[in-house]
Amino acid sequence: MSLTAAPSAASAAVSASSISGPTVRPATEQDDAFIDDLQSIAFGPGRFARTAFRIRERFPIDKSLSLIAEVDGTACGSVWMTPISIGGINGWMLGPLATHPNFRKLGAGKLLAREVTKRAMARGDGQFVMLVGDRDYYCPLGWEPTTVGNIEFPGPVDPTRVLVFAEDPTLATTLSGAIAGWRQG
């Protein structure tokens, strides 16, 4: 589905009261163009220079953890997960998470973050979901700040924005090391 199918800001505002809440479904190959367009809108051309993009280049995303948010059948958001390890502990890096501007403030982004994290953690083969993001947005959803400087990225990041979701409440402060590929066995 193309972003050109998304309503204009004016029509989105007019019909906001009739919009149902967002739902989530797995991404398919037919969503690739939508995801590319959405990430372009959300992050611009500078997205390719971000450290997170470098990580995704080195370690391919887990397509089974790629989700699409929809509102009334219209794709409006997406999220990916990249399998990584930090200090020998397997987990995922969440992102990019993006919501089309015409659908912001409807809860699609938070729904995507919660759902993809729930699905990843339910597998039982990873211990955390890490991201670089705003504390005000993610901490109420269960993410915790990491110890500044403990996680080594392949480029610059603001270490105060590195957050971890884990069932072990101490992992956010003890997780340490360079970001590497998923450890087998």
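Closest heavy-atom contact between A120 and L65: CB-CD1, 3.8 Å. When all heavy atoms of L97 and A113 are compared, the pair lying nearest together is CD2-CB, 4.2 Å.
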Throw together a table of side-chain donor-acceptor distances under 3.5 angstrom for residues 169-180, partners on residues two or more places apart or in other chains.
residue, atom, partner, partner atom, Å
T170, OG1, D168, OD1, 2.7
T170, OG1, D168, OD2, 3.3
T173, OG1, T170, O, 2.9
T174, OG1, T170, O, 3.1
S176, OG, N150, O, 3.4

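Considering only residues two or more places apart in sequence or on other chains, A69 meets the side chain to side chain contact (heavy atoms under 4.5 Å, CB included) condition with C76, A108, L112. Under the side chain to side chain donor-acceptor pair (under 3.5 Å) criterion, D134 pairs with R161, not counting sequence neighbours. Shown here are the side chain to side chain contact (heavy atoms under 4.5 Å, CB included) partners of P60, two or more places apart in sequence or in another chain: there are none. Not counting sequence neighbours, the partners of S64 by the side chain to side chain donor-acceptor pair (under 3.5 Å) test are D62, R123. Partners of R58 according to the side chain to side chain donor-acceptor pair (under 3.5 Å) rule, which considers only residues two or more places apart in sequence or in another chain, do not exist here. In this structure, D125 has no side chain to side chain donor-acceptor pair (under 3.5 Å) partners at least two apart in sequence or on a different chain.
No donor-acceptor pair under 3.5 Å is formed between the side chain of R135 and the backbone N or O of V162. Proximity of a side-chain donor or acceptor of R56 to a complementary backbone N or O of G95 within less than 3.5 Å is detected.
In this structure, CZ in F128 is found 13.0 Å from CG in L163, a value given to the nearest 0.5 Å. The line from CG of L131 to OH of Y137 is 10.5 Å long, rounded to the nearest 0.5 Å. Atom CG of L111 sits about 11.5 Å away from atom CD of E70, to the nearest 0.5 Å. Atom CE of M121 and atom CD of E167 lie 4.5 Å apart (nearest 0.5 Å). Note that the CG atom of D32 and the CD atom of Q30 stand 8.0 Å from one another [nearest 0.5 Å]. Taking OG of S78 as the start and CD1 of I68 as the end, the distance is 5.0 Å to the nearest 0.5 Å.
In the hydrophobic clustering of ILVMFWY residues, with side-chain heavy atoms under 4.5 Å counting as a link, M81 and L141 come out together. Note on V116: it clusters hydrophobically with W182, by side-chain heavy-atom contacts below 4.5 Å among ILVMFWY residues. Under the 4.5 Å side-chain contact rule for hydrophobic residues, W92 and V24 share a cluster. Grouping the Ile, Leu, Val, Met, Phe, Trp and Tyr side chains by contacts below 4.5 angstrom, directly or via other members, places I151 with V157. Linking ILVMFWY side-chain heavy atoms closer than 4.5 Å, directly or via other members, places I61 and V129 in two distinct hydrophobic clusters.
By the 4.5 Å heavy-atom criterion applied to side chains, M130 and L94 are not counted as neighbours. Taking 4.5 Å as the limit, every side-chain heavy atom of V164 sits out of range of all side-chain heavy atoms of E144. Side-chain contact between I55 and P154 is present, with at least one heavy-atom pair separated by less than 4.5 Å.
For the side-chain hydrogen bond (donor to acceptor under 3.5 Å, both in side chains) condition, no pair includes a residue of residues 80-91, sequence neighbours left out. Each ring pair (Phe, Tyr, Trp, His ring centres under 6.0 Å) pair with one or both residues in residues 153-174, not counting sequence neighbours, appears once here: W143-F165. Listed by first then second residue, pairs satisfying salt bridge (charged side-chain N to carboxylate O under 4.0 Å, His left out) with a partner in residues 110-121 read E115-K118, E115-R119, not counting sequence neighbours.
In the model, T28 has a side-chain atom that pairs as donor or acceptor with a side-chain atom of D31 under 3.5 Å.
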D72 and T74: side chain to side chain donor-acceptor pair (under 3.5 Å), yes or no, with the steps?
CA-CA 6 Å; D72 294 332; T74 299; over 6 Å; no
